[in-house]
Amino acid sequence: MQGLVTRKLAIHGGEKIRDHYFPGYRTIGAEERQAVQRVMERGVLSRFLGSWHSDFYGGEEIQAFEAEWASYFKVKHAIAVNSATSALYAAVGACGIEPGDEVIVSPYTMSASATAPLTYGAIPVFADIEPQHYCLDAQSVEARITERTRAIIIVDIFGQPYDADAINAIARKRNLKIIEDCAQAPGAKYRERFAGTLADVGVYSLNYHKHIHTGEGGLIVTDNDELAERARLIRNHAEAVLSDQHYGGVREIGEADLVNMIGFNYRMTELEAAIGREQLKKLEGLLNQRVHNTQYLNERLGALPCIEPTRVREGTTHSFYFHPLQFKPEAAEGISRNDFINAVKAELAPSELREGLGVRIACGYLRPLYLQPMFQKRIAFGRNGFPWTSPHYGGSVDYGQGICPVAEQMHFERLFNHELMTPGMTRSDLDDVVRAFEKVWESRDQLR
């Protein structure tokens with residue numbers, strides 16, 4: 001770090017540490033192009049039929065992808081869908097959630113993890129997060145349970161698996177379903193079990209900036225036969241499939257539980273499935289690179305007095321969708337996190353493929369979801385406050401500022417995250433990131 005003390009910070013007009021793009025995160029190659037060509041030559045881009053028929057389950061690429069995903073993650077059922085959001089909605093429906101129910105959710109995640117219960121008229125109830133791992137805190141979850149609680153939607157945030165021993169025990173005691181949103185943690189493990197397979201049903205994402213992707217897409221996994229079949233029905237026009245119609249002489253599905261059996265079109269295409277089959281083969285190697293790069297940055301950045309490195313839960317592996325770190329105001333000599341991080345960003349350059357998004361470092365993550373207008377005004381469907389005003393719901397729920405103090409502290413004061421550790425980043429690239437942080441720390445007097 002010698003020689004940096006007297007250098008003018010870039011945010012004040014000094015020379016930047018790096019003025020050329022970082023490498024983009026590229027996972028698509030010749031294998032995926034060949035897979036797409038295979039489907040194109042076959043000429044069937046989707047084989048789903050929304051009625052009871054052998055094609056109700058999709059074409060050969062879909063079924064092969066599902067079998068390969070289930071085998072890789074050591075789970076009985078995998079159901080391919082067109083997005084992780086669709087997967088969450090289908091999982092909530094499959095679990096039988098209905099108007100008047102409460103579902104405990106995380107405040108610190110992508111919005112769909114918390115809004116999924118609303119699609120079935122249920123009420124999201126926010127529990128707080130852990131101060132080190134950022135997943136739902138088991139004690140806060142237990143404190144939020146009422147007689148109306150039916151499920152918990154857990155999130156393996158940033159790539160860290162949730163505290164499955166503690167939260168699963170709470171769910172078993174209260175007979176609650178757990179839906180695990182594993183969009184950010186494919187390949188991570190909790191006590192040798194894959195994240196996404198720790199709950200009653202798990203959800204993965206395959207959209208374009210995830211570890212592996214098909215452009216858009218998602219998967220639902222479960223070992224429960226009934227949940228799997230209900231999810232498949234919701235994916236593909238359940239109300240038509242459960243009718244008395246025949247198609248092509250194939251037998252009817254027969255009598256079924258009709259709760260939540262208004263179906264949707266959540267179907268993945270053959271093209272996406274073909275790409276997904278090739279992407280799955282790359283997952284382990286891509287994860288290893290993320291972990292290797294993050295370990296290096298964790299050690300180097302954690303040496304700065306104002307930065308607390310990432311803590312990985314004992315008995316787990318982390319897949320590092322982002323690299324989450326904490327800024328320590330108490331050690332920063334009066335400098336705020338936002339001022340410090342903005343100065344670091346000014347020293348660096350954007351990344352290829354995402355040039356318009358600026359430098360891939362962010363203060364906080366997403367504003368705690370209960371502070372969004374939807375929850376503050378309690379307006380989701382229609383103008384009259386449904387489902388909060390539904391006659392099926394006799395409870396009350398608090399969305400006021402302060403209900404999740406850890407989430408608020410992390411977002412507004414301490415947490416920052418970055419993506420400058422993805423595969424493709426060289427040691428030289430990583431060193432530029434480190435040098436930017438070191439320069440700002442050594443020249444911190446310029447920020448006062």
Q) Centres of the Y89 and F264 rings: under 6.0 Å? A) no

**Q.** Whether Y25 side chain and H211 backbone form a donor-acceptor pair below 3.5 Å
**A.** yes

Q | Ionic contact status for K189 with E284, cut-off 4.0 Å | A | no

**Q.** R313 side chain to H318 backbone, donor-acceptor under 3.5 Å
**A.** no

Q: Compute the ring centroids of F416 and Y365, then answer whether they are less than 6.0 Å apart.
A: no

(Q) Between E352 and R26, does any NZ, NE, NH1 or NH2 come within less than 4.0 Å of an OD or OE carboxylate oxygen? (A) yes

Q) Do W441 and F437 make the cut of ring centroids closer than 6.0 angstrom? A) no

Q) With no hydrogens and no angle check, is any side-chain donor or acceptor of S443 less than 3.5 Å from a backbone partner on V440? A) no

Q) D181 pairs by side chain to side chain donor-acceptor pair (under 3.5 Å) with which of S106, S113, S205? A) S113

**Q.** Nearest heavy atoms of S140 and D128, plus distance in Å
**A.** OG-N, 2.8 Å

Q | N-O pairing of K8 and E15 below 4.0 Å | A | no

Q) Less than 4.0 Å between a side-chain N and a carboxylate O, is that true for R42 and E61? A) yes

Q | Close side-chain approach of I145 and I104, heavy atoms under 4.5 Å | A | yes

(Q) Please determine whether a side-chain nitrogen of the Lys or Arg among E442 and R7 lies less than 4.0 Å from a carboxylate oxygen of the Asp or Glu. (A) no

**Q.** Side-chain donor or acceptor of N417 paired with backbone N/O of P324 under 3.5 Å
**A.** no

Q. So do K439 and L9 actually touch side chain to side chain, heavy atoms under 4.5 Å?
A. yes

Q: Please check if the side chain of T294 supplies one atom and the backbone of R290 the other of a donor-acceptor pair under 3.5 Å.
A: yes

Q. Does L49 offer a backbone N or O that forms a donor-acceptor pair with the side chain of N236 under 3.5 Å?
A. yes

Q | Side chain to side chain, V105 and V103, heavy atoms closer than 4.5 Å | A | yes

Q: Would you name the heavy atoms of A274 and R38 that are closest together and state the gap between them?
A: CB-NH2, 3.8 Å

Q.
Tell me whether R435 is salt-bridged to E438, with the criterion being a basic N under 4.0 Å from an acidic carboxylate O.
A. no

**Q.** Ring centres under 6.0 angstrom apart (F126, Y370)
**A.** yes

Q | 4.5 Å side-chain heavy-atom contact, H213 and T27 | A | yes

Q: Could you walk me through whether Y108 and H411 pass ring-ring contact (aromatic ring centres under 6.0 Å, His included), step by step?
A: CA-CA 9 Å; Y108 213 42; H411 183 71; 5.7 Å; yes

Q: Using ring pair (Phe, Tyr, Trp, His ring centres under 6.0 Å) as the criterion, point out the one residue from F194, W69, Y72 that pairs with Y204.
A: W69

Q: Check whether any side-chain heavy atom of F22 sits under 4.5 Å from a side-chain heavy atom of P350, and report yes or no.
A: no

Q | N/O donor-acceptor pair under 3.5 Å between N265 side chain and R267 backbone | A | yes

Q.
When you compare the side chain of L297 with that of E299, does any pair of heavy atoms fall below 4.5 Å?
A. no

Q.
Looking at L357, I'd like to know if its CG atom is crowded, meaning that more than 12 non-hydrogen atoms belonging to other residues, nucleotides or ligands lie closer than 6.0 Å.
A. yes

Q) Between R277 and E68, is there a side-chain N and carboxylate O pair less than 4.0 Å apart? A) yes

(Q) F158 vs Y134, test: ring-ring contact (aromatic ring centres under 6.0 Å, His included). Steps then yes/no. (A) CA-CA 8 Å; F158 307 137; Y134 318 118; 5.7 Å; yes

Q. V201 versus I220: any side-chain heavy-atom pair under 4.5 Å?
A. yes

